[in-house]
Amino acid sequence: MPDLPPNSTRPLEGLRIAIDPGHIGGKWVTWDDRHFKLGGPDSLEVREGEMTLMVAKILRRDLTLLGAEVFLTRETNHPVTKERVETLQEEAKAYLIKRGQVPSAGLIASTAKAMFAISAEIRARGELINNTIRPDLALCLHFDASPWPGGRPVFRSPNHLHLILNGCYSESEMEEDDTRFEMVLRILQRLYHEELRLSDTVSKTLQHETRLPAFGYDGTSGMSVNDNDLVWARNLLANRVFFCPVLFFEPFCMNHQETHARVQEGPYPGLREINGVYRKNLYQEYADGVTAGLVRYYREQRQKKVSSAHE
Ligand SMILES: [Zn+2]
């Protein structure tokens, strides 16, 4: 964080913020599996990669007005990586053989697909963040979804919110050379405490804005780290390979009835009545919860510095 005095109208002055709209949109949604259709035949398809980009653009406008320099890892619904499923076939085959699996055509195809949409894409964004943007923090924007057993999307309850910070490495993850190396790099950069303080503050303003209850893990795939039930540790590729404090957001279940209805409403101006309550559109509400938390956090940090300088 740059050493600047508190500023009442531009509290984020001097900060470089990278925003990573999770997933890909457009014709790429089918490679990514974060899209589905629920409700009647006229209902809009829910596409996480396009929804996160909408939130990212609102945040860019608002955080810039508050003094930050904001960079998006993608401006469009196009992938950042130059790799494609076709270029990753050999690598997918080699990966399967290394893990002792029989590289059948079906398995190669599904592995290459995951390599494209997850590892190649997120690593390309990581290079952009680590080598070009070099931000003070990164915001990874996502929407959550509850699992649908049997492969057919269904509405699920409850709706919920959580933030994820890096941690909770499993034994099999620790066996991967890359993962272990990246974990050590992260430890040496001493990002954890700032990531936790930021996640803690922003989770509370986001909850206040969205009115969502906390989501809980069972302690194996995610670990609680403090007394805030909105913040969980999980080892994800993005929060491991982005070398800056990462705020990883998972608000709103896309297959919850109310979230789905709000997606259908789109980015309307002003307020609309949703289940008896007047609310902003889904994307603005998400962005406002994040913005309020960042303003609170950096105001407090800068105020502390001023106070300690006067002691
Ligand atoms: Zn996501």
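Ligands are counted one by one from 1 in listed order, and the atoms in each one are counted from 1 as well. Positions are given from 1, in the same order as the sequence printed here.
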Problem set entry | Ring centres under 6.0 angstrom apart (His256, His160) | no
Exercise. Near Arg190 CZ, under 6.0 Å, is it more than 12 heavy atoms from other residues, nucleotides or ligands?
Worked result: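 Count not over threshold, so no.
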Exercise. Crowded around His78 NE2? As in, over 12 foreign heavy atoms under 6.0 Å?
Worked result: yes
For this session: Apply the ring-ring contact (aromatic ring centres under 6.0 Å, His included) test between His142 and each candidate in Phe249, Phe252, Phe248; give the one that qualifies.
Result: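 Exactly one option meets the ring-ring contact (aromatic ring centres under 6.0 Å, His included) with His142, and it is Phe248.
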Problem set entry | Note: Glu173-Arg234 ion pair, threshold 4.0 Å (strictly below) | no
Problem set entry | Ion pair Asp200/Arg197, N-O distance below 4.0 Å | no
For this session: Give the total of protein N/O/S atoms at a distance below 2.8 Å from the Zn ion (ligand 1).
Result: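 The number of such protein atoms is 3.
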